[in-house]
Amino acid sequence: MKKPVLVVISGPSGVGKTTIIKALLSRRDDVIFSVSCTTRPKRPGEVHGRDYFFITEEEFKSMVEREEFLEWAEVHGYLYGTPRRFIDKAMKEGKNVLLDIDVQGAMKVMETFKEGVFIFIAPPSVKALEERLRKRKTESEDKIRRRLEDAKWELGFIEKFQYLIINEELDRAIYELDSIITAEAKRVKRLLDEVERYKKEVLQGEGS
Ligand code: 5GP
């Protein structure tokens, strides 16, 4: 079996992560998305179980106590966590899993999944980020301010990641993410079973 890839994507709020990830998932059926739990209120258009599992703070805390999260963090004033069970099951089945989590979460996953692929998506400028957040109209003014302050702090983590995508042009960013995953999935260390089978087939009959 191929060794699956765990792809972790981080980047400031409003950078376009969700749009890029949705486009990627629609063009690749070998990557599945890990749906997080959050205490943040649902935005219009979001669906429970598809975008997030929207749960109460009480529910979240009891999941923390039961150690059901691979990682969790407080982000922009709400709690967010990655359910451990889904990832374990998907990876056992050989599926590539993609996580969209904040930098604190990414740092924690780096400790447990050394083989993970860590990608930072950055805006072309903080000004561009501000414009995007305002255009999105999903957050109030004070929430936008907070997300912009957090963004400057998050940009300080870029060097901890293996890949950087600057979302200047959407199609280009999607192409770059797609290419990184393709390349990572083709690493010989993830294909050892296939390599063995390939060599057996190719070398069979050699010299006869
Ligand atoms: P939003 O509220 O805009 O959907 O997400 C806010 C931030 O929370 C984003 O940076 C997103 O990557 C992060 N986030 C989403 N799910 C998780 C999670 O399970 N764990 C952590 N640590 N961050 C998450």
Side-chain angles (χ1 to χ4, degrees), residues 6-22 24-25 32-57 59-64 66-88 90-91 97-113 116-123 126 129-158 160-161 163-165 167 173 177:
L6 181 80
V7 183
V8 177
I9 295 185
S10 289
S13 176
V15 76
K17 274 175 299 175
T18 311
T19 312
I20 295 170
I21 291 169
K22 279 196 175 147
L24 179 97
L25 295 172
I32 53 173
F33 182 67
S34 155
V35 179
S36 295
C37 295
T38 185
T39 60
R40 163 170 79 61
K42 204 198 283 181
R43 290 181 192 138
E46 283 185 328
V47 176
H48 179 82
R50 184 194 68 188
D51 300 291
Y52 283 107
F53 294 105
F54 296 95
I55 62 176
T56 63
E57 213 166 301
E59 287 167 326
F60 195 101
K61 286 186 174 151
S62 66
M63 285 181 76
V64 171
R66 294 197 300 269
E67 298 185 1
E68 289 181 30
F69 291 123
L70 170 66
E71 62 72 37
W72 67 273
E74 188 183 325
V75 190
H76 317 311
Y78 297 107
L79 301 171
Y80 294 80
T82 306
R84 188 193 293 278
R85 209 189 305 165
F86 172 81
I87 295 187
D88 288 348
M91 294 197 68
V97 181
L98 189 146
L99 270 62
D100 167 358
I101 60 178
D102 89 309
V103 290
Q104 309 168 72
M107 294 304 115
K108 286 185 211 153
V109 178
M110 270 178 210
E111 288 166 18
T112 8
F113 282 89
V117 177
F118 297 86
I119 305 170
F120 194 96
I121 304 189
V126 174
L129 196 66
E130 183 169 357
E131 278 164 16
R132 278 193 60 115
L133 279 172
R134 289 196 194 288
K135 228 165 66 198
R136 200 161 83 171
K137 293 201 172 91
T138 52
E139 264 76 36
S140 58
E141 183 57 32
D142 60 327
K143 292 245 158 66
I144 290 177
R145 289 268 136 241
R146 166 149 200 185
R147 283 179 180 238
L148 282 172
E149 277 315 305
D150 287 349
K152 290 177 199 157
W153 171 75
E154 287 168 74
L155 293 177
F157 284 81
I158 293 177
K160 306 259 184 217
F161 287 73
Y163 293 98
L164 170 65
I165 295 175
N167 185 17
L177 177 59

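Remember, it's 1-based here, ligands and their atoms both numbered in the order they're listed.
Residues Lys22 and Thr19 form no side-chain contact, since every pair of their non-hydrogen atoms from C-beta on lies 4.5 Å or further apart. By the 4.5 Å heavy-atom criterion applied to side chains, Leu24 and Leu98 are counted as neighbours. Two residues are said to be in side-chain contact when any heavy atoms from C-beta on lie closer than 4.5 Å; Ser10 and Phe161 meet this criterion. At least one side-chain heavy atom of Pro123 sits less than 4.5 Å from a side-chain heavy atom of Leu155. In this structure, the side chains of His76 and Glu149 stay at 4.5 Å or more apart for every pair of heavy atoms.
No heavy atom of Glu154 sits closer than 4.0 Å to any atom of ligand 1. Heavy-atom separations between His76 and ligand 1 include at least one value shorter than 4.0 Å.
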Criterion side-chain contact (heavy atoms from CB on, under 4.5 Å) on Arg85 and Asp88, from CA distance to verdict: CA-CA 5 Å; Arg85 209 189 305 165; Asp88 288 348; 5.8 Å; no
Intermediate values then yes/no, side-chain contact (heavy atoms from CB on, under 4.5 Å), Asn167 and Arg132: CA-CA 12 Å; Asn167 185 17; Arg132 278 193 60 115; 4.2 Å; yes
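The proximity of Arg147 to ligand 1, defined as any non-hydrogen pair under 4.0 Å, is limited to the side chain. Of all the heavy atoms of Lys108, none lies under 4.0 Å from any atom of ligand 1, so neither backbone nor side chain is involved. By the criterion of a heavy-atom distance under 4.0 Å, both the backbone and the side chain of Thr82 are placed next to ligand 1.
Atom numbering of ligand 1 starts at 1 in the shown order; those under 4.0 Å from a heavy atom of Gly105 are 22 (N). Against a heavy-atom cut-off of under 4.0 Å, Ala73 is close to the following atoms of ligand 1: 22 (N). Every atom of ligand 1 with a heavy atom of Arg40 under 4.0 Å away is listed here by number and element: 1 (P), 2 (O), 4 (O).
In Glu141, the CD atom is crowded: over 12 heavy atoms of neighbouring residues, nucleotides or ligands sit closer than 6.0 Å.
Separating the OG atom in Ser13 from the CG atom in Leu133 is a distance of 5.0 Å, to the nearest 0.5 Å.
Taking atom 12 (O) of ligand 1 as the reference point, the nearest protein heavy-atom neighbour is Asp100 OD1, 2.6 Å. In terms of protein heavy atoms, atom 6 (C) of ligand 1 is closest to Tyr80 OH, 3.6 Å. Distance from atom 7 (C) of ligand 1 to its nearest protein heavy atom, with residue and atom name: Val75 CG1, 3.7 Å. Regarding atom 19 (O) of ligand 1, its nearest protein heavy-atom neighbour is Ser36 OG, 2.7 Å. Of the protein's non-hydrogen atoms, the one nearest atom 10 (O) of ligand 1 is Lys17 NZ, 2.9 Å. Closest to atom 20 (N) of ligand 1, if we only count protein heavy atoms, is Glu71 OE2, 2.7 Å. Looking only at heavy atoms of the protein, atom 22 (N) of ligand 1 is closest to Asp102 OD1, 2.7 Å.
Inclusion of Glu46 in the set of residues having an N or O under 3.5 Å from an N or O of ligand 1 is not warranted. For a threshold of 3.5 Å applied to N or O pairs, the pair formed by Cys37 and ligand 1 contains no separation below that value.
Distances from atom 15 (C) of ligand 1 to the heavy atoms of Phe69, Phe53, Tyr52 put Tyr52 nearest.
Annotation: cation-pi geometry satisfied between Lys108 and Trp72 (NZ/CZ under 6.0 angstrom from ring centroid, within 45° of ring axis).
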